[in-house]
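One structure below.
Chain letters run A, B, ... following the sequence lines, proteins first, then strands; residues in each count from 1.
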2 protein chains.
Amino acid sequence: MDVSRQQNESAARAERGPRARTRKLMLETATRLMQSGITPSVSEVAEAAEVSRATAYRYFPSQAALVHAVVDEALGPILDWRSEAPDALTRVADLLATAMPRIDEFEATFKAALKLSLDQWAQRQAGTLGNEPQLTRGHRVELLRQVTVPLEGKLSTEAREQLAQALSLVFGVEVLVVLKDIWGLSAERAQSVAEWAAAALVEAAIREGQTAA
Amino acid sequence: MDVSRQQNESAARAERGPRARTRKLMLETATRLMQSGITPSVSEVAEAAEVSRATAYRYFPSQAALVHAVVDEALGPILDWRSEAPDALTRVADLLATAMPRIDEFEATFKAALKLSLDQWAQRQAGTLGNEPQLTRGHRVELLRQVTVPLEGKLSTEAREQLAQALSLVFGVEVLVVLKDIWGLSAERAQSVAEWAAAALVEAAIREGQTAA
DNA sequence: AAAATTATGAGATGCGCGTATCATAAAGAT
DNA sequence: ATCTTTATGATACGCGCATCTCATAATTTT
């Protein structure tokens, strides 16, 4: 059974009434707390939203479920991104321009999601996998395949796939973690570096495709 | 006060005797547990090493301190890496060939370290910063500056710095997280993608330096 | 060998998260 | 208006981590 599916259904089923109100209240509270840097426990959200712990746990049975819901909100425009640009270079620049500021804006949320996915990986390794919501973290694949569509004739399928994979290294929260936290760059500089790297990768792939053909 | 410094001093001060033996035993046990995928709590290490919890906490006052010590071990050959190769392309390939297999081998350990650094970032944001060991996570900077040394005359200082920053995106645990966990690649494929991307970045930087000059 | 120092273990305590129970309050149906 | 259903809150419980205390064992010093 897919838990997130269940949550979506129940949310859709009761878009008004007390259920929806309380859920929305909690989600807003959780988002606000996360924006302020905290990765709140369910109890903390309960207190901040002024509902009882018991009620809070009815809506979000774990911190993972909570973060999952907030991430879904935060992704928002990123998931809707499409590009009709004819060349991959423009598409990737466009994607980064859309996604990176959003990711930076919700930095704490995405870092919390990354942290949870690491948790789940570890638990999977240890065999101790609970019935947690199973963070998605795969949107990158779809988005970057979109980016490489204009190269369909010019590159082999393998080369396109490899380009998409390489691009996924310069696009996401991980980029912020490395460039801001380790190098101490500003968000603007970080984005600029990511854009430069992305362009370099696309051009390299195209160049190789030409020499091969 | 730098806690890791204190630990190093006490370890150096008592390289033999029961202190050193127990510490070594715990470290080996912790490493073994981490290799098996668990990110053990201090209590778990205590049990596995067959010492009492109280003793364990005397050596490693927190899980963070424990992971920090294990990471130091795991880094091992990576920290000693040097390259005398005359060109940056060879150097970066050499660095990846040395470091990535090691990182993959100790994947669980490095992921645990990444998780802790995210924890600490969140706590910093929230103002709740304990006296934790403060994970380093900055070795990348030094290593990659080494890589770009051969470009000293050919590129501007800014361009070299940007290259090093871009390279840091294709080198580290994050690469494994993205390519193995999200894309489902094997360790070998992941390394191959990282190597391709790194080479592409270096070549792009060189090309731009030439046109600029 | 005796005394002083130091390391260890067993247990108690506090704290936070997640779960379960049960009574009350609110909303909806007849 | 009454009854049924559903949501909520207060409380208590179990569990694991981290800390503290104190007695015992091991090691070092004299």
Q: Give every residue pair that meets the side chain to side chain donor-acceptor pair (under 3.5 Å) criterion with at least one member in residues 74-83 of chain A, sequence neighbours excluded.
A: A:Trp81-A:Asp94
Q) Near DNA chain D, under 4.0 Å by heavy atom, which residues of residues 28-40 of chain B? A) none
Q. Do the charged groups of A:Lys111 and A:Asp181 touch, with an N to O distance under 4.0 Å?
A. yes
Q: Answer yes if the side chains of B:Arg189 and B:Ser192 hold a donor-acceptor pair under 3.5 Å, and no otherwise.
A: yes
Q: Provide, to the nearest angstrom, the distance between the CD atom belonging to B:Gln123 and the C1' atom belonging to C:dG16.
A: 14 Å
Q: Whole angstrom is fine here: how far is it from OH in B:Tyr59 over to C1' in C:dT6?
A: 10 Å
Q: In plain terms, say whether A:Lys24 and A:Glu28 are close enough for a salt bridge, that is, a side-chain N and a carboxylate O under 4.0 Å apart.
A: yes
Q: Specify the angle, to 10°, made by the local axes at the two ends of the helix from C:dA1-D:dT30 to C:dT30-D:dA1 when five pairs are taken at each end.
A: 10°
**Q.** Sequence neighbours excluded, every pair satisfying side chain to side chain donor-acceptor pair (under 3.5 Å) that has a member inside residues 40-51 of chain B
**A.** B:Ser41-B:Glu44
Q.
Distance check needed: D:dT8 P versus A:Met26 CE, whole Å only.
A. 10 Å
Q: Take atom CD of A:Glu47 and atom C1' of D:dG9, then tell me their distance rounded to the nearest Å.
A: 15 Å
Q.
On the nucleotide C:dT8, are OP1 or OP2 found under 4.0 Å from the side-chain N or O atoms that B:Thr55 carries?
A. no
List, with names and distances, any nitrogen or oxygen atoms from the protein found under 3.5 Å away from nitrogen or oxygen atoms belonging to nucleotides 17-23 of chain D.
unit_1	atom_1	unit_2	atom_2	d
D:dC17	OP1	B:Ser41	OG	3.2
D:dA18	OP2	B:Tyr57	OH	2.5
D:dA18	O5'	B:Tyr57	OH	3.2
D:dT19	OP2	B:Pro61	O	3.2

Q: Evaluate the side-chain proximity of A:Val170 to A:Val193: yes if any heavy-atom separation is below 4.5 Å, no if none is.
A: no
**Q.** Pairwise distance CD1(B:Ile182) to CZ(A:Arg140) - rounded to 0.5 angstrom
**A.** 4.0 Å
Q | Inter-residue atom distance B:Thr109.OG1 - B:Leu75.CG, 0.5 Å rounding | A | 10.0 Å
Q | Partners passing side-chain hydrogen bond (donor to acceptor under 3.5 Å, both in side chains) against A:Gln63 (at least two apart in sequence or in another chain) | A | none
Q. If we only count heavy atoms from C-beta on, is the A:Gln191 to A:Asp104 side-chain gap below 4.5 Å?
A. no
Q | Side chain proximity check, B:Leu79 to B:Asp72, heavy atoms < 4.5 angstrom | A | no
(Q) What is the distance, to the nearest angstrom, from the CZ atom on A:Arg21 to the C1' atom on D:dT6? (A) 13 Å
